[in-house]
**Student:** 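Got a structure for you, written out below as structure tokens; questions coming shortly.
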Amino acid sequence: MYNKLQYISQGNTIEEQLYNIHQALDAGCDWVQMRFKNQTTKDTFALAEAAKFLCEEYLANFIINDNLYLAQQIAADGVHLGLTDMNIAEARSILGSTKIIGGTANTFEDIKNHIKNGCDYIGLGPFQFTKTKEKLSPVLGLSGYVAIIEKMKNSNLKTPVYAIGGITLNDINPLMETGIHGIAVSGMITNSDQKKKLIQQLNEKLYANVIV
Ligand SMILES: Cc1ncc(COP(=O)(O)OP(=O)(O)O)c(N)n1
Ligand SMILES: Cc1nc(C(=O)O)sc1CCOP(=O)(O)O
Ligand SMILES: [Mg+2]
């Protein structure tokens, strides 16, 4: 079972990114997606190597946003691909069956396509407006998740879905009640000055109904 909390990194420099990733790991995050936009190949590679090293130290999963070839080059655990990134079927044929491939969705159609193409999980969003990403797809709100997850259940589609986009602590319970698997968050963790406490609270909510 995939962990229910994915931290998406933030920062405009390698140093800021590594600081934020380290803080998130130290506070208990066990899944990191490196998201470092509009940077040089050299800097992106340098960050990826350093972040992968950190994640290994903390036994955390480490995936890379957008860049499949970078994920392959540094032997990351996987990649997250958006609707305008490489097709998931092509990505699967390159990475093979052992690597994690996540795909962005905004509609039930997106989800069906990704599942047909072999993705491991879906990032479904945005839940609400967020400043973290530009050019957002239409906001889904809770009712959007309810409708899409219902359609997945009716079609017997069981691929884990992560809610994403402007999620705060109070959103977790209603979101989890829709039947999603977990959440992917950036700002909530990056901007928290009590990260350990926050991640404990998040995990309590995310794993509340998991029987061990
Ligand atoms: C878990 C997760 N879900 C969705 C996204 C968004 O990916 P994408 O649409 O490619 O947008 P960018 O992150 O590349 O701006 C994600 N990164 N992670
Ligand atoms: C990277 C990303 N993708 C989204 C989507 O809807 O596809 S929303 C988003 C930003 C997530 O960060 P935050 O938790 O700070 O809102
Ligand atoms: Mg992308």
Side-chain angles (χ1 to χ4, degrees), residues 2-12 16-17 20-21 23-24 27 29-39 44 47-48 51 60-71 76-88 90-91 99-111 113-115 117 119-142 144-145 148-149 159-172 175 180-192 195 198-199 201-202 205-206:
Y2 287 124
N3 305 337
K4 290 178 178 285
L5 177 63
Q6 184 181 133
Y7 170 65
I8 299 183
S9 71
Q10 262 187 44
N12 295 322
E16 272 176 27
Q17 284 268 340
N20 287 333
I21 291 170
Q23 292 267 307
C29 277
D30 47 19
W31 188 354
V32 173
Q33 177 188 144
M34 182 190 113
R35 184 171 182 271
F36 195 37
K37 293 279 189 185
N38 308 318
Q39 303 289 331
T44 310
L47 173 62
N61 275 334
F62 178 60
I63 67 171
I64 291 188
N65 179 251
D66 294 341
N67 195 333
L68 173 130
Y69 292 110
L70 176 60
D77 296 306
V79 68
H80 184 95
L81 298 171
L83 290 163
T84 56
D85 297 322
M86 181 189 281
N87 176 279
I88 289 190
E90 191 184 348
K99 296 294 179 180
I100 303 168
I101 301 180
T104 302
N106 181 248
T107 64
F108 179 58
E109 290 304 312
D110 297 336
I111 292 180
N113 279 332
H114 286 335
I115 294 176
N117 289 334
C119 80
D120 293 301
Y121 77 84
I122 305 283
L124 178 64
F127 170 60
Q128 50 197 10
F129 174 77
T130 173
K131 284 194 225 159
T132 306
K133 178 177 166 176
E134 291 169 5
K135 296 189 188 142
L136 286 174
S137 292
V139 167
L140 294 170
L142 194 61
Y145 283 85
I148 292 173
I149 300 297
T159 301
V161 172
Y162 290 76
I164 183 166
I167 296 174
T168 64
L169 193 58
N170 289 335
D171 300 319
I172 313 292
L175 275 170
I180 59 161
H181 177 78
I183 57 166
V185 297
S186 186
M188 174 168 46
I189 291 176
T190 308
N191 301 327
S192 166
K195 291 187 175 55
L198 173 65
I199 285 161
Q201 288 171 321
L202 287 172
K205 288 175 186 282
L206 290 167

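Just so you know, ligand 1 is whichever comes first in the structure, and atom 1 is the first atom listed for that ligand. All values derive from a computational prediction rather than experimental measurement.
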**Student:** Say whether Ala184, considering both its backbone and side-chain N or O atoms, lies within less than 3.5 Å of an N or O atom on ligand 2.
**Tutor:** no

**Student:** Are the side chains of Leu206 and Ile183 in touch, meaning some heavy atoms are under 4.5 Å apart?
**Tutor:** yes

**Student:** Side chains of Leu81 and His114, heavy atoms from C-beta outward: is any pair under 4.5 Å?
**Tutor:** no

**Student:** Donor-acceptor check, side chain of Asp77 to backbone of Phe62, threshold 3.5 angstrom: yes or no?
**Tutor:** yes

**Student:** So do Glu90 and Leu68 actually touch side chain to side chain, heavy atoms under 4.5 Å?
**Tutor:** no

**Student:** Give the numbers and elements of all ligand 1 atoms closer than 4.0 Å to a heavy atom of Asn65.
**Tutor:** 12 (P), 13 (O), 14 (O), 17 (N)

**Student:** Of the protein's non-hydrogen atoms, which lies at the shortest distance from atom 8 (S) of ligand 2, and what is that distance?
**Tutor:** Gly165 CA, 3.6 Å

**Student:** Just need the protein heavy atom nearest to atom 18 (N) of ligand 1, so name the residue and atom and give the distance.
**Tutor:** Gln33 NE2, 3.0 Å

**Student:** Taking the side chain from Asp110 and the backbone from Thr104, do they hold a donor-acceptor pair closer than 3.5 Å?
**Tutor:** no

**Student:** Nearest to atom 15 (O) of ligand 2, what protein heavy atom do you find, and at what distance?
**Tutor:** Thr132 OG1, 2.5 Å

**Student:** Could you tell me the residue and atom name of the protein heavy atom closest to atom 14 (O) of ligand 2, and the distance to it rounded to 0.1 Å?
**Tutor:** Ser186 N, 2.9 Å

**Student:** Has Ser186 got a side-chain atom pairing as donor or acceptor with Ile8's backbone, closer than 3.5 angstrom?
**Tutor:** yes

**Student:** Of all heavy-atom pairs between Gly102 and Ile88, which one has the smallest distance, and what is that distance?
**Tutor:** O-CD1, 4.2 Å

**Student:** If we only count heavy atoms from C-beta on, is the Lys37 to Asp66 side-chain gap below 4.5 Å?
**Tutor:** yes

**Student:** If you take all heavy atoms of Leu198 and Ser192, which pair is closest and at what distance?
**Tutor:** CD2-CB, 3.7 Å

**Student:** In terms of residue, atom name and distance, what is the protein heavy atom nearest to atom 9 (O) of ligand 1?
**Tutor:** Lys133 NZ, 2.9 Å

**Student:** Taking both backbone and side-chain atoms of Gly187, is any N or O found less than 3.5 Å from an N or O belonging to ligand 2?
**Tutor:** yes

**Student:** For ligand 2, does Lys131 get within less than 4.0 Å through its side chain, its backbone, both, or neither, judged by non-hydrogen atoms?
**Tutor:** neither

**Student:** Do any N or O atoms from the side chain of Asp30 and from the backbone of Ala60 form a donor-acceptor pair under 3.5 angstrom?
**Tutor:** no

**Student:** Of the protein's non-hydrogen atoms, which lies at the shortest distance from atom 1 (C) of ligand 2, and what is that distance?
**Tutor:** Arg35 NE, 3.5 Å

**Student:** Considering only heavy atoms of Asp66, which atoms of ligand 1 have at least one such atom less than 4.0 Å away?
**Tutor:** 10 (O), 14 (O)

**Student:** Distance to 0.1 Å, residue and atom name: give those for the protein heavy atom nearest to atom 11 (C) of ligand 2.
**Tutor:** Ile164 CG1, 3.7 Å

**Student:** So which heavy atom in the protein is nearest atom 7 (O) of ligand 1, and how far is it from that ligand atom?
**Tutor:** Thr104 OG1, 2.9 Å

**Student:** Can you tell if the side chain of Tyr69 reaches within under 4.5 Å of the side chain of Met86, non-hydrogen atoms only?
**Tutor:** yes

**Student:** With atoms numbered from 1 as shown, which atoms in ligand 1 lie under 4.0 angstrom from a non-hydrogen atom of Ile8?
**Tutor:** 18 (N)

**Student:** Does the Gln17 side chain pair with the main chain of Arg35, one donor and one acceptor, at a distance under 3.5 Å?
**Tutor:** yes

**Student:** Any idea which atoms of ligand 1 are less than 4.0 Å away from a heavy-atom of Ile164?
**Tutor:** 2 (C), 3 (N), 4 (C), 5 (C), 16 (C), 18 (N)

**Student:** Looking at Ala184, which atoms of ligand 1 are within less than 4.0 Å of one of its heavy atoms?
**Tutor:** 1 (C)

**Student:** Which residue and atom name correspond to the protein heavy atom nearest atom 5 (C) of ligand 1, and how close is it?
**Tutor:** His80 NE2, 3.2 Å

**Student:** Report yes if Gly82 has an N/O atom closer than 3.5 Å to an N/O atom of ligand 1; otherwise report no.
**Tutor:** yes

**Student:** Give the atom name of whichever N/O/S atom in Asp66 sits closest to the Mg ion (ligand 3).
**Tutor:** OD1

**Student:** Would Gly166 count as a contact of ligand 2 if the rule is a heavy atom under 4.0 Å away?
**Tutor:** yes

**Student:** To the nearest 0.5 Å, how far apart are CD1 in Ile101 and NE2 in His80?
**Tutor:** 11.5 Å

**Student:** Nearest heavy atom to atom 6 (O) of ligand 2 wins, so pick from Pro126, Gly82, Pro138.
**Tutor:** Pro126

**Student:** Do Thr104 and ligand 2 have an N or O pair less than 3.5 Å apart?
**Tutor:** no

**Student:** Could you verify whether a donor N or O on one side chain and an acceptor N or O on the other, from Gln39 and Thr44, lie under 3.5 Å apart?
**Tutor:** no

**Student:** Check whether any side-chain heavy atom of Asn20 lies under 4.5 Å from a side-chain heavy atom of Lys195, and answer yes or no.
**Tutor:** no

**Student:** Mind telling me whether Trp31 and Tyr121 have parallel, tilted or perpendicular rings, with 30° and 60° as the class edges?
**Tutor:** perpendicular

**Student:** Give me the residue, atom name and distance of the protein heavy atom closest to atom 7 (O) of ligand 2.
**Tutor:** Lys133 NZ, 3.1 Å

**Student:** Give the name of the N/O/S atom in Asp85 that lies closest to the Mg ion (ligand 3).
**Tutor:** OD2

**Student:** Considering the heavy atoms of Gly125, write down every atom of ligand 2 situated less than 4.0 Å from one of them.
**Tutor:** 6 (O)

**Student:** Could you tell me, atom by atom, which parts of ligand 1 come under 4.0 Å of a heavy atom of Arg35?
**Tutor:** 12 (P), 13 (O), 15 (O)

**Student:** Check ligand 2 against Val185 and write out every atom of the ligand that is under 4.0 Å from a heavy-atom position of the residue.
**Tutor:** 14 (O)

**Student:** Determine, using heavy atoms of Lys37 and all atoms of ligand 1, whether some pair is separated by less than 4.0 Å.
**Tutor:** yes

**Student:** Taking C-beta and beyond as the side chain, do Pro160 and Asp120 meet within less than 4.5 Å on heavy atoms?
**Tutor:** no

**Student:** Near Asp85, which atoms of ligand 1 are under 4.0 Å from a heavy atom of that residue?
**Tutor:** 10 (O)

